[in-house]
Amino acid sequence: MAEFFINGFLVFLLAVIAIVAIQSIKVFSTVMLAGAYSLISAIIFVSLDAVDVAFTEAAVGAGLSTVLYIAAMKHLPKREKVVNDNTFFALVVCLVVGCLLVWASFDLPQIGDPMAPIHQHVGPYYITNTKTDMGIPNLVTGVLASYRGYDTLGETVVIFTAGLGVLLLLGDGRNNRDENE
Amino acid sequence: MIHGILGIWNYWIVIILMMTGLFIVISRHNLVKKMVGLTIFQTSVFLFYISLGKVQGGTAPILTGYKNTLYSNPLPHVLILTAIVVGVATTALGLALILRIKNEYGTIEENEIASFNTEENSK
Amino acid sequence: MIDFSVFQNSLPALQVVVPLLLAPVAVLVTIPFLSWLIALFGSIFCLYSSVSLFLLVSEFGKINYYMGGWLPPYGIEYIIDDASAFMIVLISLMGVFATVYAYQSFKSEINKKSQSKVYGMWLLALGGLLGLVTTGDAFNLFVFLEISSLSSVTLVALGSKNDKRALTAAFNYLLIGAVGATFYVIGVGLLYSITGTLNIADLTLKLSELTDNNSMKAGISFIIIGLMVKAAIFPLHIWLPSAYTFAPSAVAVLLTATATKAALYVLARILFTLLFNADEFTIIILQWVLLPASIVAIFFGTIRAVFEKNIRKLLAFSSLSQIGYITIGLTLGTASGVMASFIHIANHSMMKAALFMGVGAISIQLKKNIEVIDLQGLSRQMPITSSCITVVILSLLGIPLTIGFISKIYLLKAVFSHGNWPILFIIVLTSFLALGYAWKMIENIWMKEPVTTTINLKDDPKIYIPLIFLSIFNILFGIYAYPIVNAAFSASSAIFWKAV
């Protein structure tokens with residue numbers, strides 16, 4: 001029961017952060033709120049047994065990405081000019097998409113139900129075979145690095161692409177300036 | 001029925017969080033806030049996946065060595081580990097673009113940029 | 001000997017992994033010409049492997065390649081069947097042409113220091129698209145979707161040297177693409193939660209056991225919305241016109257010839273494998289969502305193109321309407337409709353790539369985004385480029401003896417046998433409307449005197465060689481249509497008959 005209330009409180013915090021993020025006209029505080037959002041999500045991940053994900057979310061989502069935002073904010077205006085001409089359209093889109101998802105949720109398995117399809121098919125295979133196939137106790141590592149290792153290769157390529165992209169976009173700008181001087 | 005609602009109310013909260021993120025992406029004109037909205041949107045989708053993987057009374061998917069331990073499903077965790085990294089990669093590229101836009105246009109407000117662009121178009 | 005057979009057996013993986021691994025090499029070389037050679041080698045290797053896979057598949061049937069040797073649904077599976085083989089041959093063939101063309105384009109449109117990195121990015125885009133069409137795993141598809149979008153976004157943004165609007169075009173592409181990809185992930189999550197699997201074949205099997213499930217319908221809808229963004233189907237096309245207009249010339253060629261086509265193929269695959277089990281729902285999606293969207297796209301694209309002054313924007317809007325023709329073929333829900341779509345995917349990719357190459361040849365020399373008036377008197381200055389452009393425009397209009405005619409014939413035949421008269425009428429009507437923008441270009445090229453801005457234009461062999469090849473293809477496959485039609489027939493049966 002205690003767990004239920006703690007989770008409830010954390011989720012409530014997330015909702016508050018998200019709504020404040022809409023309202024705030026200080027871009028810098030929005031950025032910090034995004035970091036807080038990631039960090040609280042990481043805590044929820046721990047309570048949902050996803051320790052590896054919590055670790056990554058705290059390090060990469062709350063840490064690295066906030067660092068990137070702060071580094072960028074150094075060169076960007078700190079305040080937002082509020083124009084509300086898109087609000088109605090955005091509200092309609094979100095309501096439609098949200099209703100579709102709520103409608104879909106009626107046929108979703110209950111959270112934590114051990115009889116849900118995902119705990120019956122594929123998932124159990126990893127739990128029973130990782131030890132014999134890989135000899136390591138961490139199932140997430142086993143799946144990440146071996147069963148679905150190809151996804152991880154793709155993930156690495158994504159990082160390389162983004163890194164190269166940032167280099168091309170920003171490194172390029174500096175080169176321009178050098179040529180002009 | 002009450003049990004049914006209790007079992008899926010978590011999804012509804014996650015859905016509300018997702019939609020808040022999407023709302024920021026669509027409604028705000030400031031490009032950095034759009035990226036923040038995208039981050040919130042994606043993080044909420046991660047919450048959805050992770051809550052799928054939870055087993056009642058289960059433990060983290062690291063083998064304990066005891067028999068009859070109930071483990072949560074490792075697969076959603078793996079998918080989200082990949083997705084988190086992809087999300088950060090998108091953020092990094094987006095911020096790099098925003099910095100260049102600030103350099104060239106002097107503003108990062110979408111409506112102001114749009115009016116610059118229409119001027120260019122009509123030239 | 002034994003090494004070679006290992007190499008042969010690994011081709012399904014190599015055709016994706018080799019360009020991805022060559023990318024860092026191209027970046028590290030730092031000499032633009034060498035990087036270009038590496039990119040060219042990468043794309044030729046892809047062409048070699050995709051053609052040999054195509055031949056293997058057409059002889060021995062479907063190839064399933066298990067990544068790391070883990071059996072599906074536990075591991076990730078690559079599927080090369082007639083349909084994906086068709087797409088990888090198309091993508092890598094257009095990749096080779098675009099790479100040949102890219103050298104001159106990047107040389108004049110991108111700073112010397114960043115050229116090597118651009119070729120790295122180019123290879124990533126190519127490898128990402130090849131992975132996208134061959135993977136048999138729903139989540140792996142997302143990863144490749146992201147590789148190809150992030151690399152295309154960067155490539156589009158590089159057009160900022162000539163025009164700063166490339167940056168906003170790239171940002172919109174990134175943001176809309178990321179939201180689309182997140183929708184795709186939500187959809188995959190919903191389907192995963194009710195089936196427990198991510199392998200598309202296994203997913204199809206599990207979903208066929210479910211009927212009238214909200215999560216399934218919503219999940220498929222989210223996946224389709226996500227893919228519609230990538231395929232630029234109306235009304236989710238908003239990123240496309242400015243991305244095509246402001247990107248460097250070679251990038252516009254690559255994107256138009258491969259990126260949207262790959263997304264369209266994945267959409268077709270999802271529609272006819274996952275969706276076909278949900279009978280009534282299938283009809284709703286096809287008849288009430290995709291069909292109106294394609295009709296509006298055709299009209300909107302054609303009319304905007306007629307009134308557009310900027311040539312590349314004109315071509316982009318024309319692409320929008322041509323994508324509408326491709327999706328109309330899909331909405332018929334018949335094998336001949338899907339076949340018509342495949343024919344048009346291949347043909348449109350050859351036509352638009354050639355047009356963007358021809359237009360790019362001018363903008364490379366003028367160093368700006370060209371408008372219709374910049375075409376004036378082009379036939380005197382650049383006779384070879386002008387002739388090629390003209391041939392391809394005629395093909396776009398669907399004049400007999402060109403591939404455009406073959407596309408139109410098969411599309412009309414499919415619609416005719418479906419008995420849908422209003423659509424038949426719309427296709428014929430819009431084909432005449434397309435004369436509006438096509439004539440505008442032809443008139444300026446052939447019947448006007450050169451103006452001062454265009455007086456110094458010259459034909460450049462390094463640019464027009466791939467253009468000539470593509471123009472010859474436009475006629476060759478218009479006269480001898482058998483290879484494309486036959487391949488499209490096998491491709492459509494691979495997608496369609498497995499589904500029913």
Side-chain angles (χ1 to χ4, degrees), chain A residues 93 96-97 99-111 113 115-126 128-130 133-134 142-143 145-176 178-179, chain C residues 13 17 20 23-24 27 67-68 70 73-76 78 110-111 113-114 117-118 120-121 124-125 127-128 131 135 137 139-140 143-144 146-147 150-151 153-155 157-158 160-161 167 170 183 186 190 192-199 202 206 210 213-219 221-222 225:
Chain A
V93 171
V96 171
V97 176
C99 288
L100 183 61
L101 278 169
V102 168
W103 177 71
S105 74
F106 283 108
D107 277 342
L108 285 178
Q110 313 238 324
I111 288 180
D113 178 11
M115 297 313 286
I118 72 163
H119 304 308
Q120 300 299 314
H121 187 52
V122 182
Y125 177 90
Y126 297 136
T128 46
N129 290 335
T130 302
D133 284 342
M134 256 76 79
V143 180
S146 201
Y147 293 114
R148 296 186 68 88
Y150 192 66
D151 263 355
T152 311
L153 173 75
E155 171 192 327
T156 322
V157 175
V158 170
I159 301 179
F160 178 69
T161 312
L164 190 60
V166 172
L167 208 60
L168 269 169
L169 288 171
L170 298 182
D172 202 18
R174 202 171 51 233
N175 291 348
N176 272 342
D178 291 345
E179 280 163 28
Chain C
V17 173
L20 294 184
V27 174
M67 286 293 166
W70 300 112
Y74 311 111
I76 292 167
Y78 261 34
I110 285 170
N111 290 331
K113 278 183 186 168
S114 34
K117 297 185 200 112
V118 177
M121 209 45 121
L124 290 171
T135 185
D137 187 278
F139 196 81
N140 193 242
V143 175
F144 277 96
E146 283 295 319
I147 295 175
L150 290 186
S151 49
V153 164
T154 317
L155 288 171
L158 291 169
S160 62
K161 194 191 168 200
L167 293 171
F183 269 62
I186 296 175
L190 287 171
Y192 171 64
S193 70
I194 50 169
T195 57
T197 180
L198 291 162
N199 183 286
D202 197 29
K206 292 269 170 187
L210 299 168
N213 185 308
N214 293 355
S215 301
M216 171 174 76
K217 291 176 184 171
S221 311
F222 272 98
I225 294 171

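- Considering only heavy-atom pairs separated by less than 4.5 Å from chain A, the leading option among C:Pro24, C:Gly131, C:Gly75, C:Ser221 is C:Pro24.
- One finds the CD1 atom of A:Ile118 at 12.0 Å from the CD1 atom of C:Ile194 (value rounded to the nearest 0.5 Å).
- Taking CG of A:Leu108 as the start and OG of C:Ser193 as the end, the distance is 4.5 Å to the nearest 0.5 Å.
- Closest approach of C:Thr197 to A:His121, counting heavy atoms only: CB-CD2, 3.7 Å.
- Looking at residues two or more places apart in sequence or on another chain, you find no ring pair (Phe, Tyr, Trp, His ring centres under 6.0 Å) involving C:Tyr192.
- A side-chain donor from one of A:Asp133 and A:Tyr147 sits under 3.5 Å from a side-chain acceptor of the other.
- Ranked by heavy-atom pairs under 4.5 Å with chain A, the list C:Phe144, C:Phe222, C:Trp70 is led by C:Trp70.
- When the candidates C:Ala157, C:Pro73, C:Gly68 are compared by the number of heavy-atom contacts under 4.5 Å with chain A, C:Pro73 comes out ahead.
- Atom CG of residue A:Leu101 and atom CD1 of residue C:Ile186 lie 5.5 Å apart, to the nearest 0.5 angstrom.
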List the atom pairs, with distances to 0.1 Å, where a side-chain N or O of residues 152-162 of chain A and a protein N or O form a donor-acceptor pair under 3.5 Å, not counting sequence neighbours.
from: A:Thr152; atom 1: OG1; to: A:Leu144; atom 2: O; distance (Å): 2.7
from: A:Glu155; atom 1: OE1; to: B:Thr82; atom 2: OG1; distance (Å): 3.4
from: A:Thr156; atom 1: OG1; to: A:Thr152; atom 2: O; distance (Å): 2.6
from: A:Thr161; atom 1: OG1; to: A:Val157; atom 2: O; distance (Å): 2.6

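- Both the backbone and the side chain of A:Val97 come within less than 4.5 Å of a heavy atom in chain C.
- Heavy-atom distances place no part of C:Leu155 under 4.5 Å from chain A, backbone and side chain included.
- If you measure heavy-atom distances from C:Asp137 to chain A, the contacts under 4.5 Å come from the side chain alone.
- Of the atoms belonging to C:Val153, not a single heavy atom falls under 4.5 Å from chain A.
- Counting heavy-atom pairs closer than 4.5 Å to chain A, the top-ranked of the candidates C:Asn140, C:Thr154, C:Leu150, C:Val143 is C:Asn140.
- Listed options C:Ala218, C:Ser215, C:Ala125, C:Gly219 were ranked by heavy-atom pairs under 4.5 angstrom with chain A; first place goes to C:Ser215.
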